[in-house]
Amino acid sequence: MISTTTTERTTTATMNRDNAPLAGVRIADFTIHAAGPFCTHLLSQLGAQCIKIESQTRPDAFRKPHAVYGRMTAATFDQVSANKLSVRLNLKNAEAVEIAKRIVAVSDVAAESFRPGVIKRLGLGFDVLREVKEDIVMLSLSSCGQSGPDSHFAGYAPLFGAWGGLGWMTGYADGPPVEMRHVMDHSAGMHAALATIAALHQRRRTGMAQHVDLAAREVASAMIGDALAMASAGFTPQRPGNSNPSMAPHGVYPSARADRWITLAVRNDDEWQRMLQALNVQCDAPHLATTQGRIKHAHVVDELVSQWLSRHDADEIASRLQNVGVSAHVSWNMQDIADDPHLRARGTVTQVSDDDVPPRPAVGAPARFSRTDDVGIRRLTPALGQDEDYVFGELLGLSSRQRADLESREVIL
Amino acid sequence: MQAESVSSPKRGMAQLPLAGCRVIERSRSVAAAYAGRLLAAMGAEVVMLEPPEGSELRGAPPLLEDSGESALFAYLSLGKRSMVCDLEDGTARASLMQVLGNANIFIDDTPVAQRAALGLDPDSMATVFPHLVHVSVLPFGAAGDKAHWSAEEINLLHSGGEGFLLPNGLANELFPDRPPLKIYGHFGSYQGGCMAAMSALAAWWAAPAVGGQFVDVSVQDAVLAVGAFALQRLGDGSLEHRTSRRFRYGGVFKTLDGYMELLTLEDRQWRGLVQLLGSPAWALDAALSDPLERSRRGDEINGHIREWMAQHAVDDIVRRAQELGVPAAKYRTPEDVVQGDHERARGLFASAQLESGREVELLYAPFQFHCSPLKSESRVPALGEMSEEML
């Protein structure tokens, strides 16, 4: 099944569907770049109404080209701003800050991802927002957190992985560390979304405000929690590459087609035998009959498995191995993912389009809910300031004349 | 065991974000265990169901070389309670039903094919426990053609698209003919666990309005969600590949005594980098003030940077770079992180007692709550510590 999402760029009232888990929650969204916006994007997919606050002078990163990524023009569709409402506020102007506070006053969550200290200098720090809304849940997402000697450090996703240790632990055993890309941003954003919902539960129970402080580098560290435990106990964790100390074969192996790889993880002797049968090969070497023996001779096993699998079509052999209960999957590129019926049926991959966005795949619903099932992308990235009639007019009660005046004085910019 | 005992917040936990939240976790996978772990860190009472022989995760690598205890299990089980529950046994099963009746969230990674026989299928559970949030966490989800497929971390990371794209940058340049690489440990499973915990709390939020419900979480979906930009790129007409997926300049650099990461996205950061490098003649070329031109000449720029980096110590480079507003970081080892001044100042680690009595320090939670700090000490549960209470 292919679902199609069509944008509603001229409509604002339909953004908060009743049948989503977080229906009724509103977010004042000051986040920038990728990690923070992904957090609020997830919350909006779960039904929260998210008001994205930016300006012509400081637009969202995706409204601009980023040459260092090789993206010479602005994105036509931005995955992390989908679903959101957009308003313009020039936060360097004191009047704009006051309007931002009014948005916070009618919101449940205020989210920001500036460098520590910036939101306070803008006049929108936690203490101020708590005065505006006594039970506000504020999320501050940053590279290194709101406290500590490195809190002022500038950073992006690859730096989070480097600081947190995940980059060091990832790589070929005899090679350099490996940089983590957007998955690091988004992993931080997902953990932030989790903590934000937890704070909402706490508010529901106690009525108290909360300030959630998420350091992206600490999420990278959380991904190597076991290695940190080893280091704490006095051991030196080693970079394992694709190997696993309790499984053999375990790795990424070539297939008959160039650059088409099969991932394989054989847990025990029974699975080993089933794999041999599925591949129609014999292996009489007694030292490879047991998991312990195969781990000891992992290089031999890897060579054998590479030879066997390189005679097969990757997709066909992955299905055949799964049919006998062996964990195998093709190393998929994004075209494989876009075309996959399983992911389409689950709504994980959806099809989006708009007047200026031809039909294209996007990542949709994060999970499936049996009762509050209206989750996922409802419309695409809003145009800058598209939802001011609703936010400034309906929510805040500003008249057309007031708004025109604010625009003329570049408060709304 | 009295079911109420599961629901009573422990002393000192009443102020935590999830105080009063009762979670039962049936986990064989890292994803489900991490979901419970995150909820426990925020104050939920999490009871981990284990078979009589103990969870398989108790023996999962890496193992502390002297005691043989699993560092992974220690990390994943911190702050939980252990209840032995053999679902084939009628008495144990009745006890589980009692405990579930008083729980808010049930995290379950039982394979789909086994659920009905154990009474754990969504329909049965919804009938018996209409107010329970029942969260299924499976490699490919509980619905769809691949719901029955089996997977370990390496399969999942590649099924979600990220594995195919690794390594990029320097490692790919050095070893262009090697197979793609996984991220260390259980990165994809952690995403699945976080997605499960987040979805559980979202469903629990809706419970006053709609009651309990079944939530279907897939680790593959979660890996794809965090890698969403690659699918966005496909829509732009670009099929990403690890050989071409790199910053035009910047990335991983070898220094005199280690490795570092450098990335400048803004013009001011580029100017800071030029200053860091000592304003060499090549960098003062007026054409390089244009970001598009820098991007086109990325290889040339990286060549110059590599040459300079190789002559300087990583700590000196990073300190000076950050002073100049240049995003730069050292690739830190786990020992660096455990001993880090920044981590110590932020109280990232909790002192934890393993089952053997040994004390280690474990990362407690990757987020902080300033108005109600998370607790900082805990322990790894012994197998079946709740069994006597059960009897």
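Order of the sequence lines fixes the chain letters, A, B, ..., with proteins taken first and strands second; residue numbering starts at 1 for each chain.
With a 4.5 Å cut-off on non-hydrogen atoms, A/Phe38 touches chain B through its side chain but not through its backbone. Looking at B/Ser244, there are no atoms closer than 4.5 Å to chain A (heavy atoms on both sides), in backbone or side chain. Interface remark: A/Met138 contributes no atoms to any contact with chain B (heavy atom separation under 4.5 Å). With a threshold of 4.5 angstrom between heavy atoms, A/Trp261 approaches chain B through side-chain atoms but not through N, CA, C or O. In this structure, the portions of A/Met223 lying under 4.5 Å from any heavy atom of chain B include both its backbone and its side chain. When heavy atoms are compared at a cutoff of 4.5 Å, B/Met195 approaches chain A by way of both its backbone and its side chain. For A/Ala220, no part lies near chain B; criterion is any non-hydrogen pair under 4.5 Å. Residue B/Leu348 touches chain A through its side chain alone, counting heavy-atom pairs closer than 4.5 Å. When heavy atoms are compared at a cutoff of 4.5 Å, A/Thr236 approaches chain B by way of both its backbone and its side chain. Heavy atoms closer than 4.5 Å to chain B are found in both the backbone and the side chain of A/Ala199. Contacts between A/Leu343 and chain B at a heavy-atom distance below 4.5 Å involve the side chain alone, from C-beta outward. For B/Ala147, the part lying under 4.5 angstrom from a heavy atom of chain A is the backbone only. With a 4.5 Å cut-off on non-hydrogen atoms, B/Glu153 does not touch chain A at all. Proximity to chain B involves both the backbone and the side chain of A/Asp78, based on heavy atoms less than 4.5 angstrom apart. Interface remark: B/Ala197 contributes backbone and side-chain atoms alike to the contact with chain A (heavy atom separation under 4.5 Å). Contact of A/Asn244 with chain B is made through the side chain alone, with heavy-atom distances under 4.5 Å. Residue A/Leu159 touches chain B through both its backbone and its side chain, counting heavy-atom pairs closer than 4.5 Å. Heavy-atom distances place both the backbone and the side chain of A/Arg368 under 4.5 Å from chain B. Heavy atoms of A/Phe160 lying under 4.5 Å from chain B are absent altogether. Using a 4.5 Å cut-off between heavy atoms, B/His241 contacts chain A through its side chain alone, with no backbone atom that close. Heavy-atom distances place the backbone of A/Leu264, and not its side chain, under 4.5 Å from chain B.
Both tests do not hold together for B/Arg332 against A/Trp168: distance to the six-membered ring centre under 6.0 Å, angle to the ring axis within 45°. In this structure, A/Arg239 is not positioned above the aromatic face of B/Tyr184 in the sense of NZ or CZ being under 6.0 Å from the six-membered ring centre and within 45° of the axis.
Top candidate by heavy-atom pairs under 4.5 Å with chain B, chosen from A/Val178, A/Val80, A/Leu42, is A/Val178. Among A/Glu179, A/Arg203, A/Met184, the residue making the largest number of heavy-atom pairs under 4.5 Å with chain B is A/Glu179. Most heavy-atom pairs under 4.5 Å with chain B, from the set A/Val219, A/Asp174, A/Leu46: that is A/Asp174. Most heavy-atom pairs under 4.5 Å with chain B: of the set A/Val375, A/Ile197, A/Leu321, A/Val330, this distinction falls to A/Ile197. Options A/Gly234, A/Ala338, A/Ala192, A/Ala328 differ in how many heavy-atom pairs under 4.5 Å they form with chain B, and the most are formed by A/Ala328. Contacts with chain B were tallied for A/Leu214, A/Val252, A/Val183, A/Thr170; A/Val183 has the most, counting heavy-atom pairs under 4.5 Å.
For the residue pair A/Phe235 and B/Glu335, the shortest heavy atom distance occurs at O-OE2, 3.7 Å. Smallest separation of non-hydrogen atoms from A/Ala229 and B/Leu362: CB-CD2, 3.3 Å. Heavy-atom minimum distance, A/Met230 versus B/Leu63: CE-O, 3.4 Å.
Side chains of B/His370 and A/Asp213: a donor on one and an acceptor on the other come within 3.5 Å. Counted by atom type alone, A/Gln210 and B/Ser372 present one or more donor-acceptor pairs between their side chains at under 3.5 Å.
A 4.5 Å side-chain heavy-atom check between A/His342 and B/Phe140 finds at least one atom pair inside the cut-off. Contact annotation: the side chain of B/Glu152 approaches that of A/Arg267 to within less than 4.5 Å [non-hydrogen atoms, C-beta and beyond]. Residues A/Arg360 and B/Gln232 meet the side-chain proximity criterion, which asks for heavy atoms closer than 4.5 Å. Here the side chains of A/Leu228 and B/Phe349 are in contact, with some heavy-atom distance below 4.5 Å. The closest side-chain heavy-atom distance from A/Asp259 to B/Phe164 is below 4.5 Å.
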Check your understanding: Would A/Ser151 and B/Arg346 count as a side chain to side chain donor-acceptor pair (under 3.5 Å) if you check the C-alpha gap in whole Å, the side-chain angles of each, and the deciding distance to 0.1 Å?
Key -> CA-CA 10 Å; A/Ser151 61; B/Arg346 284 176 60 77; over 6 Å; no

Review point. Would A/His329 and B/Trp149 count as a side chain to side chain contact (heavy atoms under 4.5 Å, CB included) if you check the C-alpha gap in whole Å, the side-chain angles of each, and the deciding distance to 0.1 Å?
Key: CA-CA 9 Å; A/His329 202 283; B/Trp149 277 35; 3.7 Å; yes

Review point. Please walk me through it: do A/Thr372 and B/Gln213 pass side chain to side chain donor-acceptor pair (under 3.5 Å)?
Key: CA-CA 8 Å; A/Thr372 53; B/Gln213 60 179 313; 2.8 Å; yes

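Between B/Trp204 and A/His201, the angle of the ring planes stays under 30°, which puts this pair in the parallel group of the 30/60° scheme. Ring geometry for A/Tyr172 against B/Phe175 counts as perpendicular: the plane angle is over 60°, on a 0 to 90° scale with 30° as the lower cut.
The pair A/Arg181-B/Glu162 does not meet the salt-bridge criterion, since no charged nitrogen lies less than 4.0 angstrom from a carboxylate oxygen.
Checked by atom type and distance alone, the side chain of B/Gln322 never pairs as donor or acceptor with a backbone atom of A/Asp150 at under 3.5 Å.
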